[in-house]
Amino acid sequence: MKHSNIPIILTLAATTIIIACDRDELFKREQYKNQIALLSDDGYNIFEEEFDLSHEESTGYVVASCGGSHPITQDVVIHLEEDHNLLYKYNRSNYDTDESKYARKLAGDKYDINKYQVTILAGERTGRLPVTVRPEGLSPDSIYFIPLKVQTFSAGEMHPNKTTLLYRVLLKNYYASQKTATYYNLRGIKNSVNVMGTKQVFPISANKVRVIAGNETFASNTNDIEASSILLEVNGDGSVKITPWKELQLTQIDEDPLYPNTFQIEDLGYAYYKTFLLRYDYVYNGTTYQMQEELRLEFNPNKE
């Protein structure tokens, strides 16, 4: 008499159904899970915001988000604290022992955080913590962070890799931006020789920018910057005052009709340009140069 295989088949089928149900349940749990994270951009958990030097102070935000298929059903309160060890780890990982390149903790008198707490309300996806920043006096050559980490949270589950944040403060003014490097097209005459190229312009204050003199090569180290940079100050009437940034020997030359030391907006009907027309002499590596210079940047006034 032959034994039937039906019980075995039924058992295997039932086992398969149970496993499938377990997997479906696991998938649903993962799909619907509300996981909380501090919003950041890269492996070092950096979040950048740009602050306008035209304003004495302005407000940015640290943002916490909650994932999952459905919004949370209860308020989540996240308490943060500053953690300077995050800054130490960032610097050692990126610059080892070269302390001249180290990122800096933003000085306490440059920002306010009234309450180190982010709340994601029930039914919402995000919550924000205001950060008020006073950017005047900060340098575009330095990296400034406010290092933060989650101390406690009231509900849900934190993403294990998103519990810390390096909140970076960047600078901008009407003439230049630090978040997106600003390059003006250079066209001019240097000691009677035509020169062309591009020059990076750095925001310094509401009406001041820094550039390299002439068409010298830019190098992002303190010694070269101090030895070869000039400061352009735009006055209310559009006139420009040119002075050395630090060590450069420089003389502003006025009354050149083609390069009258001015800043203006050019409206060509089909395009708009921010334009500097500059005339100055400078001494670099023992040689004196006479510089007539146009710096020009196309822009969209509707996005300013």
Side-chain angles (χ1 to χ4, degrees), residues 35-53 55-67 76-120 125-154 156-173 176-182 200 202-204 220-222 225:
Q35 196 168 60
I36 303 158
L38 298 181
L39 188 64
S40 60
D41 298 322
D42 67 2
Y44 291 100
N45 290 348
I46 296 172
F47 184 76
E48 300 180 339
E49 283 204 282
E50 200 169 43
F51 292 86
D52 195 331
L53 288 157
H55 305 302
E56 183 177 344
E57 64 178 31
S58 52
T59 300
Y61 297 92
V62 170
V63 179
S65 65
C66 186
V76 178
V77 180
I78 305 163
H79 293 281
L80 303 176
E81 63 181 353
E82 295 192 9
D83 183 358
H84 296 188
N85 192 47
L86 299 174
L87 191 58
Y88 173 79
K89 290 179 179 178
Y90 173 87
N91 284 327
R92 289 306 298 262
S93 296
N94 285 278
Y95 309 115
D96 195 21
T97 59
D98 187 356
E99 296 186 8
S100 65
K101 297 181 179 179
Y102 274 17
R104 301 180 183 183
K105 161 71 169 57
L106 187 64
D109 63 343
K110 292 295 183 181
Y111 71 99
D112 293 320
I113 298 177
N114 292 330
K115 193 174 185 181
Y116 286 74
Q117 176 180 304
V118 184
T119 300
I120 305 176
R125 291 290 189 180
T126 61
R128 302 192 303 174
L129 168 65
V131 181
T132 300
V133 173
R134 292 173 287 277
E136 184 66 31
L138 298 180
S139 169
D141 304 315
S142 297
I143 299 173
Y144 298 100
F145 286 132
I146 303 173
L148 299 166
K149 73 175 182 181
V150 173
Q151 184 182 37
T152 62
F153 56 98
S154 63
E157 176 183 323
M158 286 295 304
H159 190 298
N161 298 323
K162 292 293 183 178
T163 62
T164 62
L165 182 71
L166 290 171
Y167 183 86
R168 185 176 181 184
V169 171
L170 299 173
L171 307 174
K172 72 173 182 178
N173 61 18
S177 166
Q178 192 179 14
K179 187 171 186 177
T180 303
T182 303
Q200 187 172 0
F202 296 87
I204 299 299
S220 59
N221 64 77
T222 301
I225 290 171

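The structure displayed is predicted, hence computed values, not measured ones.
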Salt bridge (charged side-chain N to carboxylate O under 4.0 Å, His left out) partners of residues 130-150, not counting sequence neighbours, each pair once: Glu57-Arg134, Glu81-Lys149, Asp83-Lys149, Asp112-Arg134, Asp141-Arg210

NZ on Lys179 to CD on Glu48, rounded to 0.5 Å: 6.5 Å

Name of the residue among Phe47, Phe145, Tyr144, Tyr44 meeting side-chain contact (heavy atoms from CB on, under 4.5 Å) with Arg168: Phe145

Tyr95 and Tyr90 aromatic ring geometry - parallel, tilted or perpendicular at 30°/60° bounds: perpendicular

Nearest-0.5 Å distance that lies between atom CG in Leu138 and atom CG in Leu53: 7.5 Å

Within 6.0 angstrom of Arg104 CZ, more than 12 heavy atoms from elsewhere: no

Gap separating the NZ atom of Lys89 from the CG atom of Asn94, nearest 0.5 angstrom: 14.0 Å

Check: Gln178 side chain, Glu50 main-chain N or O, donor-acceptor pair, under 3.5 Å: no

Intermediate values then yes/no, side-chain contact (heavy atoms from CB on, under 4.5 Å), Asn114 and Thr132: CA-CA 9 Å; Asn114 292 330; Thr132 300; 5.9 Å; no

Main-chain N/O of Ala103 paired to Asn91 side chain as donor or acceptor, under 3.5 Å: yes

Expected output: side-chain Ser154 to main-chain Val77 donor-acceptor under 3.5 Å: yes

Test side chain to side chain contact (heavy atoms under 4.5 Å, CB included) applied to Thr182 - qualifying residues, sequence neighbours left out: Ala176, Ser177, Tyr184, Leu297

Heavy-atom closest pair, residues Gln35 and Met158: CG-C, 4.1 Å

Rounded distance [0.5 Å steps], CD in Glu82 versus CG in Leu148: 6.0 Å

Closest non-hydrogen atom pair between Leu171 and Pro135, with its separation: CD2-CB, 3.8 Å

Lys110, NZ atom: more than 12 neighbouring heavy atoms under 6.0 Å: yes

Closest heavy-atom pair and its distance - Phe202, Pro140: CB-CG, 4.0 Å

Shortest non-hydrogen contact between Asp52 and Ser58, atoms and distance: N-OG, 4.5 Å

Backbone N/O of Asp96 and side chain of Tyr102: donor-acceptor pair under 3.5 Å: yes

Side-chain heavy atoms of Val150 within contact of Leu80, under 4.5 Å: yes

Distance (rounded to the nearest 0.5 Å) between Lys162 NZ and Ile36 CD1: 15.0 Å

Rounded distance [0.5 Å steps], CG in Leu170 versus CD in Glu49: 9.5 Å

Shortest non-hydrogen separation from Ile78 to Ala64 and the atoms involved: CD1-CB, 3.7 Å

Side-chain heavy-atom pair Leu166, Pro147 within 4.5 angstrom cut-off: yes

Lys101, NZ atom: more than 12 neighbouring heavy atoms under 6.0 Å: no

N/O donor-acceptor pair under 3.5 Å between Tyr116 side chain and Leu129 backbone: no

Test item: Asn45 side-chain N/O and Asn161 main-chain N/O as donor-acceptor pair under 3.5 Å: yes

